[in-house]
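Everything numeric here is computed off the predicted structure, so don't read it as measured data.
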Amino acid sequence: MPLHDVNVAVIYYSSTGTVAEMARLIADAAEHAGADVRLRRVAELAPQSAIDSNPAWAANVAATADILEATHDDILWADAVLFGTPTRFGNVTSQLKQFMDTLGGLWQQGRLADKVYSGFTATQSKHGGQESTLLALYHTVHHFGGILITPGYTDPVKFADGNPYGTSHVGGPETLVDADARSAARVQAERVVKFTKAIKAGLAATS
């Protein structure tokens, strides 16, 4: 199949910029793997006063202002969707969850099914709920009727990154996304594109 025969949406929420950087890495890797990519952020729900109280949060809002907000059209366009979220008490952020909750109409119409989905996350502390956050995210994918593609331990870099559920990083805005997470992001993006191409071609051949 030719290059750019699959569409990948990378849809994320980031407060202080870590997940935003991971989203860019995954989007770039998916594009290099042969996908058309849309990088989208979900709407911020926090009040401006809360944002302004944290310099890193305010800086990330300004730095990502040019990235379009995610819409339902981005989901419909995509053959594969990678969702990114920081961890909030071992769970998905309210900002990303709110966007996903608005997809109920599309879910009822069956328009979220048979797409590939995957996820990535970050925490400020080790064992801060990374795996539980991704597992919580994937509960929704099962309700969509989505096809879950995780990295697993399918590449040596995953034994360094250590998270078979998706790419994850430990550290706040003062901690750059490290080499292990960067390699894991590439592996995850390439795996998503590979299997999305295979699934799309297989469905086309049987239709």
Start with the C-alpha distance between Thr167 and Asn163, add both sets of side-chain angles, then the distance that settles side chain to side chain contact (heavy atoms under 4.5 Å, CB included), and finish with yes or no. CA-CA 7 Å; Thr167 302; Asn163 191 338; over 6 Å; no
Could you walk me through whether Thr175 and His169 pass the side chain to side chain contact (heavy atoms under 4.5 Å, CB included) check? CA-CA 10 Å; Thr175 307; His169 172 68; 4.0 Å; yes
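- Here the shortest heavy-atom pairing between Pro164 and Gly162 reads CD-O, 3.7 Å.
- Classification of Glu69 and Arg40 as a salt-bridged pair fails, no side-chain N sitting under 4.0 Å from a carboxylate O.
- The minimum heavy-atom distance between Val92 and Thr133, with the atom names listed, is CG2-O, 3.9 Å.
- By the ring pair (Phe, Tyr, Trp, His ring centres under 6.0 Å) test, Tyr138 pairs with no residue at all, sequence neighbours left out.
- Of all non-hydrogen atoms in Leu39 and Arg24, the two that sit nearest each other are CD2-CG, 3.9 Å.
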Test Thr87 against Gln130 for side chain to side chain donor-acceptor pair (under 3.5 Å), laying out the working first. CA-CA 6 Å; Thr87 288; Gln130 294 181 345; over 6 Å; no
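- For the pair Asp161 and Lys158, the salt-bridge criterion is met [side-chain N within less than 4.0 Å of a carboxylate O].
- Taking the six-membered ring for Trp and the full ring otherwise, Phe144 and Tyr117 have centroids separated by under 6.0 Å.
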Take Lys97 and Asp101 through the test salt bridge (charged side-chain N to carboxylate O under 4.0 Å, His left out) and record every step on the way to the result. CA-CA 6 Å; Lys97 186 62 165 60; Asp101 285 347; 2.7 Å; yes
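- The pair Glu190-Arg186 meets the salt-bridge criterion, since a charged nitrogen lies less than 4.0 angstrom from a carboxylate oxygen.
- Here the OG1-CE distance, from Thr140 to Met100, works out to 4.5 Å after rounding to the nearest 0.5 Å.
- Electrostatic pairing of Glu31 and Arg38 does not count as a salt bridge here, judged by no charged N lying under 4.0 Å from a carboxylate O.
- A distance of 10.5 Å separates OG1 of Thr196 from NZ of Lys115, quoted to the nearest 0.5 Å.
- Ala185 and Ala29 get closest at one heavy-atom pair: O-CB, 4.4 Å.
- In this structure, OG1 in Thr150 is found 8.0 Å from CD in Gln188, a value given to the nearest 0.5 Å.
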Chi angles and distances behind the side chain to side chain contact (heavy atoms under 4.5 Å, CB included) call for Val116, Asp79: CA-CA 6 Å; Val116 167; Asp79 300 304; over 6 Å; no
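- By the 6.0 Å contact criterion, CZ on Arg88 is enclosed, its count of non-hydrogen atoms from other residues, nucleotides or ligands being greater than 12.
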Chi angles and distances behind the side chain to side chain contact (heavy atoms under 4.5 Å, CB included) call for Tyr165, Leu135: CA-CA 8 Å; Tyr165 303 102; Leu135 289 172; 3.7 Å; yes
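- Ile11 CD1 to Thr85 OG1: the interatomic distance, rounded to the nearest 0.5 Å, is 13.0 Å.
- Ala70 and Val42 make their closest contact through CB-CG1, 4.3 Å (heavy atoms, listed as atom of the first residue, atom of the second, distance).
- If you take OG1 on Thr16 and CG on Asn60, they are separated by 6.5 Å, rounding to the nearest 0.5 Å.
- Annotation: side-chain contact (heavy atoms from CB on, under 4.5 Å) contacts of Thr102 (sequence neighbours excluded): His72, Gln98, Phe99.
- Taking CZ of Phe195 as the start and OG of Ser118 as the end, the distance is 11.5 Å to the nearest 0.5 Å.
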